[in-house]
Amino acid sequence: MNIEEKIGIALAKALEELYGEKIEAEKINLQPTRKDFEGNYTFVTFPYTRIAKQKPEAIGEALGKAILEKEDLVSAYNVVKGFLNISISQSYWIELLLDIQTDASFGKLKANDQKVMVEFSSPNTNKPLHLGHLRNIFLGYSVSQIVEAAGYEVMKTNLVNDRGIHICKSMLAYKKFGNNDQPTKERKGDKLVGDYYVKFDKEYKAELEQIKAEIAVKQPSLTGKELEKSADLQSSLLNEAKALLQKWEAGDPETVALWEKLNNWVYDGFDVTYKRLGVSFDKIYKESDTYLLGKDIIEEGLQNGVFYKREDESVWINMEQEGLDEKLVLRADGTSVYITQDIGTAELKFSDFPMQKSVYVVGNEQDYHFTVLKVIMQRLGRDYADGIYHLSYGMVDLPSGKMKSREGTVVDADDLIDEMEETAQNRTEELGKIDGFSKEEAQKLYQQLAMGALKYYLLKVDPKKRMLFNPEESIDFQGNTGVYIQYTHAKICAILRKADKDGIDYKNASLKGLSDMAKTEEELIFLLNKYPEKISEAAESYSPATIANYAYDLAKLYSKFYAELPIFVEPDANKLAFRVVLSAAVASTIKKALGLLGIEAPERM
RNA sequence: GGUUCCGUAGCUCAACUGGAUAGAGCAACUGCCUUCUAAGCAGUAGGUUCCAGGUUCGAGUCCUGGCGGAAUCACCA
């Protein structure tokens, strides 16, 4: 049982004894005491004035007195207005610290026998990964780490969109202009295929302009949307791409061979990037395997009245009771739409991995799609439907505006990482921090710092918010950054190395007699103690930002301690050992928290 | 136009889910390296939490109505 539970029970008991009203201990809401007041936990008494028929201050006094007597971990209390501030005795803080120190898996919650699937990345195979994908990938990876730490069994999946008109556009451009172009080390396969996608768009736009000019002469009455539509229909490039898609669907060997060749190039390119990003997947789904799924479920839904058929044979669902419109789920000619295959894929996922929760990390432009998907699965009576969660995140904008792959105005993932590593190297060399590093070690450090900065930058923000990314300014290495947290960790590692060298046996030190703990030290243990709670909070809301902010708070508080209370000049051996133990606990907690964000914690930097 | 999301210091973000005097970082300014790593610490300055009502002991947080921005409302994926 943790401190808060103990106090909660004590307070509930006191409330019952004093005022004769039974209140569940879980309902007792404690919060950290604000800095300007004495105490560790604060209990707000306003809500209890009705049952107590007393003033808030009087309730606070009465409760404070009661728990001070009954619960020996409470060492003092004070009441300000309706706020009861409770102080915890130092011996309990020390006991807590020792528990944390000895528990190698501190923070990890008990296995709860539930499964979660997290789908993320889900790229198209017609272009390289860019900054927008990075937000997705980091979010997905971090959420799976967090959920795992919260006791779930996790499967990370990647649903690759490897078919469709967009790939055919790349294929067509390659056919027309490729000249047997091959990927090289300098130009990975995903880059190559992406170049042809841009090439297609360029040629296509030029063709459209020409067609529009012709229409303007022949049919000057056509304007706006009608003009666009008419031009589209006349575009030979677009029609050729469509024809290619039909050939692919018909299984034409030459087309399929080209498709496989280009896709494999892209996969090879992606693998390199994924590796640099430090992410992996447990299972890959490909849309070329799943795009025909879902029709049998539509049939099932028709049988039991979830869907209905219109005169033209198309199939629909009416979601007015959920405040949504009608939605088509199968075309009149019996072919699938996007939602059809997602229904089928949801079912496939569940049969592969019978999960209670299914997280889709997908941009917020698909909010509507996923609310519809969830409603449909619920109407179909699927057990897992309530566990469907769309982790919707906002777009990453550039100062120049939106990123558009078609127009080549994106921040390429590989280029960005290169730049970050270069910045890390320059900065590190300027500061002269690599004495004693081998070349390989230095290189590894640059990678760790670059990824740390990038991941933290993208994860510390609430996913829902759209964010601005300024590549000119690059990413900071000072202040509220990943590097700052890594740096704090490295400083502690230096302390631990010194402690070992000096032969300080802090691991077996008895800290029992310690009494005059500094405020900062107490606050540090308080914050360490919060870590498991933060994990469950982050898991519940699928929010890496919670962990990112926690890691920063912990590093910040430790830095204060570090400057305030030098360790090795401390004459009292017990106190010295205590500070080393405290430092060790902070370091391992920082490392774990960073791990949940997918960030490595170097021991020297 | 309907729906959903967002709006907090000049900028980028927090705020324990309704609690006390709204906190950090960046940028600016002032101190602190003969000490365990200064990628650091301490401090100064910066706020009508978009606006107007409401709910209550208490609202950045909940409700209503505006304003501003974004997404979506395809037999595209």
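Chain identifiers are assigned alphabetically (A, B, ...) following the order of the sequence lines, protein sequences preceding nucleic acid strands; residue numbering begins at 1 within each chain.
Listed by chain and number, the residues in a salt bridge (charged side-chain N to carboxylate O under 4.0 Å, His left out) with A/Glu422 amount to none (sequence neighbours excluded). Partners of A/Lys309 by salt bridge (charged side-chain N to carboxylate O under 4.0 Å, His left out), not counting sequence neighbours, listed by chain and number: A/Glu313.
Ring-plane geometry between A/Tyr41 and A/Phe526 is classed as tilted, the angle between the planes lying from 30 to 60 degrees on a 0 to 90 degree scale.
Figure legend: A/Arg163 and A/Trp259 shown without cation-pi pairing, the cationic atom not lying both under 6.0 angstrom from the six-membered ring centre and within 45 degrees of its axis.
Heavy atoms of other residues, nucleotides or ligands lying less than 6.0 angstrom from NZ of A/Lys491 number more than 12.
Proximity of residues 119-126 of chain A to RNA chain B (heavy atom under 4.0 angstrom from any strand atom) is not detected for any residue.
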Nucleotide by nucleotide, nucleotides 3-8 of chain B touches protein heavy atoms under 4.0 Å in the pattern (B base, S sugar-phosphate only, - none) --SSS-
With sugar-phosphate taken as primed atoms, P, OP1 and OP2 and all else as base, the protein-contact string of nucleotides 35-45 of chain B at under 4.0 Å (heavy atoms; B, S, -) is -BBSBSSS---
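Residue contacts shown for A/Asp342 are absent, as no nucleic acid heavy atom lies under 4.0 Å away. A/Thr49 comes within 4.0 angstrom of nothing in the nucleic acid, heavy atoms only.
A close approach under 4.0 Å does occur between a side-chain nitrogen or oxygen of A/Asn29 and OP1 or OP2 of B/U17. Between A/Arg34 and the phosphate of B/G23, there is a side-chain N or O to OP1/OP2 separation shorter than 4.0 Å.
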Annotated structure of RNA chain B as dot-bracket, pair cut-off 3.5 Å, Watson-Crick or G-U only, | for inter-strand, is (((((((..((((.....[...)))).(((((.......))))).....(((((..]....))))))))))))....
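You'll find that the side chain of A/Asp476 is closest to B/C26, out of B/G19, B/C26, B/A71. Of the candidate nucleotides B/G23, B/C57, B/C16, B/C16 has the atom nearest to the side chain of A/Pro32.
Stacking of the aromatic ring of A/Tyr552 onto the base of B/A24 is not found under the criterion of centres within 5.5 Å and planes under 30°.
Aromatic pair A/Tyr393/A/Phe138: ring centres not closer than 6.0 Å.
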